[in-house]
Amino acid sequence: LNSIGTYTFCSGSGIGMNTGFGLTPTSVIQVTNLSSAVTSEQMRTLFSFLGEIEELRLYPPDNAPLAFSSKVCYVKFRDPSSVGVAQHLTNTVFIDRALIVVPCAEVMQPTRTVVMCNTTFDHRENTVLGKRPCLISFGS
């Protein structure tokens, strides 16, 4: 359990995968340990070979005014089976770092998908605040 009294998501524990505990498959992955030089287009190119991408978010974004030591990416595939394939890219060196790819649990809402993770990014300050529970919203 994390500090908000719920499961820790995106921890590599298989949350969101079909584990036999009544959890539905997820279509979202979290990619961490990314080089600060990586761009959204590079991430889209890399993961598009594994399945059709519905949405991709890179934090901090490409146009962030400050320099960062690393980035985090969230990829939502159309087909949840792409998540299992994407996890095989863990430890693949991309630019100058070994990728860490884990599934993320999704919470479906009528007009968007919310991803629960354990990395917090402050959009106002363009800084990664650390490993804390957060919500990333996909869609409108």
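Note that this is a predicted model, so its numbers are computed, not measured.
Once rounded to the nearest 0.5 Å, the distance linking OG1 of Thr39 with CG of Leu34 reads 10.5 Å. Between Ile100 atom CD1 and Thr90 atom OG1 the span is 7.5 Å, to the nearest 0.5 Å. Distance OH/Tyr59 to SG/Cys73: 9.5 Å, rounded to 0.5 Å. Put simply, CD1 on Ile29 and CZ on Phe77 are 4.5 Å apart, with the number rounded to the nearest 0.5 Å. The line from OH of Tyr74 to CZ of Arg57 is 11.0 Å long, rounded to the nearest 0.5 Å.
Across every non-hydrogen atom of Val102 and Gln87, the tightest pair is CA-NE2, 4.5 Å. For the residue pair Pro61 and Lys71, the shortest heavy atom distance occurs at O-NZ, 4.3 Å. Between Pro103 and Val83, the closest heavy-atom pair is CB-CG1, 3.7 Å.
Not counting sequence neighbours, Asn91 has no partner by the side chain to side chain donor-acceptor pair (under 3.5 Å) test. The salt bridge (Lys or Arg N to Asp or Glu O under 4.0 Å) check on Arg78 picks up Glu52, Glu54, with sequence neighbours excluded. Contacts of Asn33 classified as side chain to side chain donor-acceptor pair (under 3.5 Å), with partners at least two apart in sequence or in another chain: none. In this view, Ser40 and Asp62 satisfy the side chain to side chain donor-acceptor pair (under 3.5 Å) rule, not counting sequence neighbours. Annotation: side chain to side chain contact (heavy atoms under 4.5 Å, CB included) contacts of Ser35 (sequence neighbours excluded): Ala37, Ile95, Asp96.
Lys76 contributes no side-chain N or O that, together with a main-chain N or O of Ile53, makes up a donor-acceptor pair within less than 3.5 Å. Looking only at distances, no side-chain donor or acceptor of Ser70 sits under 3.5 Å from a matching main-chain atom of Ser36.
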Cut-off 3.5 Å, no hydrogens considered: what does the side-chain donor-acceptor table look like for residues 43-51, sequence neighbours left out?
residue	atom	partner	partner atom	Å
Thr45	OG1	Glu41	O	2.9
Ser48	OG	Arg44	O	3.1
Ser48	OG	Thr45	O	3.0

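Side-chain contact between Leu58 and Val38: present, with at least one pair of heavy atoms (C-beta onward) separated by less than 4.5 Å.
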Decide side chain to side chain contact (heavy atoms under 4.5 Å, CB included) for Val101 and Gln30; before the verdict, give the C-alpha distance in whole Å, the side-chain angles of both, and the deciding distance to 0.1 Å.
CA-CA 6 Å; Val101 182; Gln30 177 190 53; over 6 Å; no
